[in-house]
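To start, the structure under review is shown below, and the notes come after it.
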Amino acid sequence: MLLFLLINSAYLLLIDTASLPRHAVSDIVWQLRLPRLLTAISVGAILAVCGTAMQAQFRNPLADPGLVGVAGGAGLGAALAIALHSPAAVVAIAAFAGALGANVLAQFLNQQQQPQYLLLAGVAINALSGAILAVLFSLVPDPILRSIQFWLLGSFAYTSLPQAVALCSLSLVVGGYFLRCATALNVLLLGAAQAYALGLDVKREQQRLNLVVACGVGGAVAMTGMVGFIGLMVPHILRRCGIGHHRQLIPLAALAGAGLALAADSVAQYSAPPLDLPVGAMTSLAGAPFFLYLLRQQQRPC
Amino acid sequence: MLSCHALSLDHRLHDINGTWPTGQVTAILGRNGAGKSSLLHLLAGLLTPTRGSVTLHQRPLHDYPSATLARHRALMLQDSTPILGLTVAEVLETATFATRRPPAPQQIDRLLTELDLTPLRQRLHQHLSGGERAKVAFAHAVLQLRCSDVTPRYLLLDEPCAALDLAAQQQLLQYCQQLAQQEQIGVVMVLHDLNQAMRHADVVWLLQNGRLVDTGPPQTCLTAAQIHAIWQQEVVLLPHPHPPHRPIIVPTQTLSA
């Protein structure tokens, strides 16, 4: 998987550059392609490990930053900040606050740990943020409206190299944290009551997980918009392959998430040249049918 | 020792007093909604009493950090939700979370052999049947206590036999008696089958509408009159042909019919 990622990355960095002068190649690689590549890898990894952690935390294979409303909350926070002409740092903080708020709300609504409640909570949170966004759209002037709408569709193309490096660091911190508490995530899979009986301080652990998920998803959404379903698909496919222990699941989810985001971005970039399609649309095109398939599977007895 | 004093939980339990010595099997009995599971959850520290307290070594349970409590008591809940993506062996490894040391493989092997679970070792938990999940949950709770070196230790079981077949029920109940006698573990379980309580429990607690009605050895508490008073069910007690010769309870007719 790592090898595939490396080869794919090198290919994307250097594709179609043979006939160009050296300084142009350098500009293209350093200012356009490398930031985009790093962003895709980091955001894919962040969303995949956050999805993995959320599925353990909510004890639900359908948990995903997008479906639960965490990404929606982050999007709402970021859109409000963009509408108010805030600098990038404020946009990121607003996205983090929105993600945290949505995550805490979802957890509050999911105290029974029933899958349907979590999804319904996600529907409600997404509807609420959608409604507020609709009001916002009618209030802001046209150029800002277009930039918010385009950003909401999700794209890896507009990050600078420093932003991409920041996302990379964020992915390492978030992934590192989840890896460190891999055993606690395994214990949470047994349910909150059993986890407490096993000696886990459930409330504190969940607060920490909420914070880290909000940091990861908030950061990713603030810089690249809404890229859905990676957090749903990746852990599920890996579990299907027999990888369930979080000590293996977290690093592999990071790699697979990075690979999936990169693949989706390649399709977005090269499927209909010279158009650069929104990558969020690509992941949703693959993710939505996958989600429906999972829903169908859930209705069957194990 | 685990004990409770004037224990009350909103409308569910009222003024319960008692102690649970180690080395014996206690069965909590009563009709549906009598407060049996609530009492067990209070003993585990999962619920907070509205009045009174549950104490361990004369200290209220809620003064203990959850990791310390986890070394004193293990809990088997009525929860057959599949555990996503983990094999039975990986599920069992979480039993020692509080001690921060994975259980020794030979300890897991011994337990799986004793409970006839060896073929399930590498199976995914989500692919097990309800009964197999209940056996794994029991093994998990036993392993949690086996890997702890503190005293006292309590095994709290909420309707452990509910999903099990006849042979598996017998195996689990006999295993509980062995744990009590040989490893000085206090076993407290919620049961519905009065014959199982009669045969396997050292002490029974009879609950009715959230109050403790009677407690003592099953032979003295589970009389036809007492069963009639609590369950509104006519029964006859017949002699059991095999040791320990505790009577068999046989329902005759329902009063309300």
Side-chain angles (χ1 to χ4, degrees), chain A residues 51-63 112-115 180-206 232 234-250 252-253 294 297-298 300-302, chain B residues 40-41 43-47 64-102 122-130 132-133 136-137 140-141 143-145 147-148 154-156 158:
Chain A
T52 309
M54 286 177 79
Q55 288 178 11
Q57 187 189 0
F58 289 110
R59 213 185 175 193
N60 188 336
L62 299 178
Q112 296 296 317
Q113 294 202 329
Q114 300 284 341
R180 205 179 70 90
C181 59
T183 320
L185 287 172
N186 277 357
V187 168
L188 275 174
L189 278 177
L190 275 66
Q194 193 63 54
Y196 172 76
L198 284 169
L200 181 70
D201 189 340
V202 177
K203 213 175 232 175
R204 198 179 334 145
E205 193 62 46
Q206 285 188 332
L232 176 78
V234 169
H236 197 89
I237 293 169
L238 288 173
R239 285 204 185 95
R240 271 285 161 93
C241 299
I243 299 151
H245 195 300
H246 284 86
R247 200 164 292 136
Q248 291 112 39
L249 192 55
I250 294 286
L252 286 175
L294 282 188
Q297 288 289 106
Q298 281 244 317
R300 289 187 193 158
C302 280
Chain B
L40 197 81
H41 288 192
L43 294 184
L46 284 183
L47 295 173
Y64 286 89
S66 53
T68 311
L69 217 48
R71 301 171 77 164
H72 283 286
R73 61 96 183 89
L75 180 63
M76 176 187 170
L77 292 164
Q78 287 186 64
D79 179 8
S80 64
T81 313
I83 299 166
L84 288 178
L86 295 190
T87 62
V88 169
E90 286 168 338
V91 170
L92 291 177
E93 280 168 18
T94 63
T96 54
F97 179 76
T99 58
R100 306 274 165 200
R101 282 192 306 271
Q122 294 309 326
R123 291 260 303 274
L124 279 176
H125 187 272
Q126 70 224 48
H127 293 160
L128 302 183
S129 73
E132 288 170 333
R133 280 180 204 159
V136 171
H140 188 265
L143 189 64
Q144 185 182 342
L145 290 184
C147 293
S148 160
Y154 289 91
L155 182 61
L156 310 175
D158 195 359

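Within every chain, numbering begins at 1; the chains are lettered A, B, ... in the order of the sequence lines, protein sequences first and strands thereafter. Fair warning: this is a prediction, and the values are worked out from it, not measured in the lab.
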Next on the checklist: With a 4.5 Å cut-off on side-chain heavy atoms, are B/Leu75 and A/Tyr196 touching?
Outcome noted: no

Item to check | Approximate separation, where rounding is to 0.5 Å, of A/Leu189 CG and B/His125 NE2 | outcome: 10.5 Å

Checklist entry - How long is the gap from CG on A/Leu188 to CD1 on B/Ile83, to the nearest 0.5 Å? => result 12.0 Å

Next on the checklist: Checking B/Asp79 now: which residues fulfil side-chain hydrogen bond (donor to acceptor under 3.5 Å, both in side chains) with it, not counting sequence neighbours?
Outcome noted: A/Arg59, B/Thr81

With a 4.5 angstrom heavy-atom cut-off, which part of [X] approaches chain A: side chain, backbone, both or neither?
X        : result
B/Ala74  : neither
B/His140 : side chain
B/Arg71  : neither
B/Leu77  : both

Item to check | Partners meeting salt bridge (Lys or Arg N to Asp or Glu O under 4.0 Å) with B/Glu90 (sequence neighbours left out) | outcome: none

Checklist outcome for this item: Max heavy-atom pairs within cutoff under 4.5 Å with chain B, candidates A/Ala195, A/Ala197, A/Ala184, goes to A/Ala197

Item to check | Any residue of residues 92-101 of chain B which, by heavy atoms, sits under 4.5 Å from chain A | outcome: B/Thr94, B/Ala95, B/Phe97, B/Ala98

Item to check | Residue pairs, two or more places apart or on separate chains, that pass side-chain hydrogen bond (donor to acceptor under 3.5 Å, both in side chains) and touch residues 236-248 of chain A | outcome: A/Gln55-A/Arg239, A/Thr183-A/Arg247, A/Asn186-A/His245, A/Asn186-A/His246, A/Arg240-A/Tyr293

Checklist outcome for this item: So, the part of A/Leu249 with a heavy atom under 4.5 Å from chain B: the answer is neither

